[in-house]
Amino acid sequence: MTSSAAAKIKQQAVPAESASRPALLLDWYDRHRRRLPWRAAAGERADPYRVWLSEIMLQQTGVKTVGPYFEKFLARWPDVAALGRASLDDVLRMWAGLGYYSRARNLHACAVAVLRDHGGIFPDTEEGLRRLPGIGPYTAKAIAAIAFDIRTMPVDGNIERVVSRLYAVEEPLPQAKPLIGVLAEMLLGPSRPGDSAQALMDLGSSICTPKKPACALCPLDDDCAARLRGDQETFPRKAPKKAGTLRRGAAFIVTRGDELLVRTRAEKGLLGGMTEVPGSAWLAEQDDKMALKQAPQVNGVTRWHRKTGVVTHVFTHFPLELVIYIADVAARTRAPAGMRWVPIATLADEALPNVMRKAIAHGLDI
DNA sequence: AAACCGTGGCA
DNA sequence: TTGCCAAGGTT
């Protein structure tokens with residue numbers, strides 16, 4: 001641990017009964033653990049492939065949202081070798097709608113690496129896992145603890161909240177991460193590190209919730225510094241984040257009979273590698289006239305019909321307003337360079353991010 | 001190291 | 001309705 005973290009621990013109120021916390025936590029987990037598709041039955045070792053797949057999908061994404069995607073992936077690619085042999089395009093199509101698309105690229109790259117460099121077997125150490133694409137400090141610890149029973153404590157958003165309340169951590173996030181990491185490790189007992197981590201996650205998800213925590217049901221209720229002070233809901237402390245600026249743009253819905261004109265976005269950056277309809281840049285300080293000037297040159301299109309209304313979408317760091325223009329062209333019209341026609345009937349199978357699904361739905365009145 | 005990177009649920 | 005939040009990683 002760092003010396004600064006050690007110094008901060010001395011400032012924390014650590015209740016005398018803290019030695020029993022790991023046992024209280026595991027007892028509670030044995031009675032109240034959630035049943036999740038990627039989670040092994042009590043007492044059984046989890047499948048590293050399922051643990052890894054679920055951890056990647058769960059990065060900044062809720063359990064409820066992940067469920068169907070996890071089942072779809074598992075049915076199509078039952079092990080890491082199968083996923084490593086899949087095409088990136090197939091993986092992106094299956095991932096469409098889940099967001100943070102660099103995760104899908106890294107997922108595929110990781111499966112390829114495990115297949116090629118590790119014979120299809122996941123490394124069984126935190127350090128080995130950490131070297132794989134898409135696996136950062138948190139995920140390496142989570143897989144190590146849950147799949148390989150290694151004594152380490154991953155700290156996700158749930159655990160940050162639980163621990164910051166348990167010890168009434170006054171330092172705001174993200175500065176408090178090292179301190180919270182050290183305090184979280186103190187909740188590991190002599191055995192079952194993976195269950196200890198999952199116990200804290202379940203506790204944070206079902207009892208120690210962001211608002212109106214159900215402290216009366218918490219196994220650590222009379223051992224929680226924030227609860228003793230009565231201000232548990234004010235933890236964790238957080239630095240306020242600045243709001244993103246509204247950006248505007250135009251999307252162009254070009255049909256050729258029952259087909260739609262699309263293209264593929266650049267590999268990196270926002271919605272990297274995903275399919276989109278042609279559109280203007282997305283900029284603050286851009287009006288409809290400027291956006292319309294960026295319409296693609298399509299043979300036979302002399303004027304655009306503007307759909308009434310706007311499509312709105314909120315990304316992590318900015319909101320977006322899209323104006324929609326439509327045009328229809330004759331059969332056999334060539335797609336402009338870098339673009340292609342796809343049947344509207346098969347759009348569901350395309351790697352279309354949700355913002356594009358919204359734009360297309362608005363343009364096509366569907 | 002701060003910014004970038006999606007989306008849906010929920011109060 | 002608006003803002004917060006979710007099993008973070010990469011650059």
Side-chain angles (χ1 to χ4, degrees), chain A residues 34 36-39 46 50-70 92 95-107 109-110 129-147 152-162 173-175 177-178 181 184 194 196-206 208-213 233-234 236 238-247 265-274 276 282 312-320 351-358:
Chain A
R34 288 180 290 179
L36 300 171
W38 44 87
R39 200 174 261 184
R50 295 183 187 219
V51 175
W52 164 71
L53 181 58
S54 68
E55 287 298 340
I56 302 299
M57 288 183 167
L58 287 162
Q59 287 168 3
Q60 300 295 286
T61 308
V63 164
K64 199 168 187 175
T65 304
V66 164
Y69 284 87
F70 179 83
L92 286 175
W95 194 277
L98 197 51
Y100 284 129
Y101 298 100
S102 68
R103 290 185 298 171
R105 303 184 149 275
N106 287 144
L107 183 85
C110 182
L129 290 161
R130 181 66 183 79
R131 291 188 204 102
L132 292 166
I135 298 183
Y138 163 79
T139 305
K141 285 174 179 288
I143 298 173
I146 297 170
T152 186
M153 179 60 85
V155 181
D156 71 339
N158 285 310
I159 300 182
E160 278 179 349
R161 185 172 59 256
V162 172
L173 287 168
Q175 295 89 337
K177 279 177 179 289
S196 297
Q198 293 179 96
L200 284 172
M201 294 174 189
D202 283 15
L203 194 62
S205 161
S206 59
C208 195
T209 49
K211 294 176 182 175
K212 304 202 179 306
E233 206 168 318
T234 67
K238 280 187 184 177
K241 43 188 158 189
K242 46 188 174 185
T245 324
L246 172 69
R247 300 185 198 181
R265 292 177 63 90
E267 285 201 10
K268 294 195 172 182
L270 186 68
L271 307 174
M274 302 297 284
E276 68 172 2
W282 298 342
T312 62
H313 190 77
V314 181
F315 292 102
T316 306
H317 51 300
F318 67 92
L320 175 68
L352 281 171
N354 278 9
V355 61
M356 287 300 147
R357 294 183 187 272
K358 284 190 203 174

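Quick note on labels: first sequence line is chain A, next is B, and so on, each numbered from 1. Since we're looking at a predicted model, the values are computed, not measured.
Between the side chain of A:Y100 and the base of B:dG6 there is at least one donor-acceptor pair of N/O atoms closer than 3.5 Å. With hydrogens and angles ignored, a donor-acceptor pair closer than 3.5 Å exists between the side chain of A:T61 and the base of B:dG6.
Side-chain proximity of A:R103 to C:dG8, B:dC4, B:dG6: nearest is B:dG6. The A:H313 side chain lies nearest to B:dT7 when the options are C:dT10, B:dT7, C:dC5. Set against C:dG8, C:dT10, B:dT7, the side chain of A:F315 has B:dT7 as its closest nucleotide. Comparing atom distances between the A:N354 side chain and each of B:dT7, C:dA6, B:dG6 picks out B:dT7 as nearest.
In this structure, A:K177 reaches neither bases nor backbone, as no heavy-atom distance under 4.0 Å exists between it and the strands shown. Residue A:W52 is out of contact with every strand shown, counting any heavy-atom pair closer than 4.0 Å. When heavy atoms are screened at a 4.0 angstrom cut-off, A:L36 is found touching base atoms of the nucleic acid. Using a 4.0 Å heavy-atom criterion, one finds that A:L271 contacts the sugar-phosphate atoms exclusively. Counting any heavy atom pair closer than 4.0 Å across all strands shown, A:T316 reaches a base atom. Residue contacts shown for A:R105 are absent, as no nucleic acid heavy atom lies under 4.0 Å away. Backbone-only engagement by A:T139 is indicated by non-hydrogen atom pairs under 4.0 Å involving sugar-phosphate atoms exclusively. At a threshold of 4.0 angstrom between heavy atoms, the contacts of A:R357 with the nucleic acid are absent. When heavy atoms are screened at a 4.0 angstrom cut-off, A:V66 is found touching no nucleic acid atom at all. If you check every strand for non-hydrogen atoms under 4.0 Å, A:G97 touches sugar and phosphate atoms only. When heavy atoms are screened at a 4.0 angstrom cut-off, A:P137 is found touching the sugar-phosphate backbone but no base atom.
Between A:F315 and A:H313, the ring-plane angle classifies as perpendicular under the 30° and 60° cut-offs.
As rounded to the nearest Å, B:dG8 and C:dG9 have P atoms that lie 22 Å from one another.
The side-chain heavy atoms of A:L107 and A:M57, taken from C-beta on, include no pair separated by under 4.5 Å.
In plain terms, the two heavy atoms of A:I159 and A:A184 that are nearest each other are CG2-CB, 4.2 Å. Scanning all heavy atoms of the two residues, the minimum distance from A:T312 to A:K358 falls at O-NZ, 3.1 Å.
The CE atom of A:M57 sits 22 Å away from the P atom of B:dC5 (whole-angstrom rounding). Following rounding to the nearest Å, A:Y138 (OH) and C:dT10 (P) show an atom-to-atom distance of 14 Å. One interatomic measurement links the two molecules: CZ of A:R247 to P of B:dC5, which rounds to 7 Å at whole-angstrom precision. Rounded to whole Å, the distance from CH2 on A:W95 to C1' on B:dC5 is 13 Å. Between A:K141 atom NZ and C:dG9 atom P there is a gap of 11 Å when expressed in whole angstrom units. Atom pair A:L173:CG and B:dA1:C1' shows a separation of 16 Å (rounding to whole Å applied). Between the CG atom of A:L129 and the C1' atom of C:dG9 there is a distance of 15 Å, given to the nearest Å. Taking atom CZ on A:R130 and atom P on C:dG8, their separation rounds to 15 Å, with Å as the unit.
The residue among A:F318 and A:K64 whose nearest nucleotide of DNA chain B is located toward the 5' end is A:F318. The 5' end of DNA chain B is approached more closely, in terms of each residue's nearest nucleotide, by A:L98 than by the other of A:K212 and A:L98. Mapping A:D202 and A:L132 onto DNA chain C via the closest heavy atom, the residue that lands nearer the 5' end is A:D202.
Summarising the local packing, CD of A:E267 is surrounded by 12 or fewer heavy atoms from other residues, nucleotides or ligands at distances under 6.0 Å.
Remark: A:H317 is not in phosphate contact with B:dA3, judged by side-chain N or O atoms under 4.0 Å from OP1 or OP2. Contact check, A:K238 against C:dC5: a side-chain N or O comes under 4.0 Å of OP1 or OP2. For the OP1/OP2 pair of C:dA6 and a distance below 4.0 Å, the side-chain nitrogens and oxygens of A:Q60 include no atom meeting the criterion.
For A:Y69, the ring-ring contact (aromatic ring centres under 6.0 Å, His included) test picks out no residue, with sequence neighbours left out.
A:Y138 and A:Q59 share no donor-acceptor pair across their side chains, judged by distance under 3.5 Å alone.
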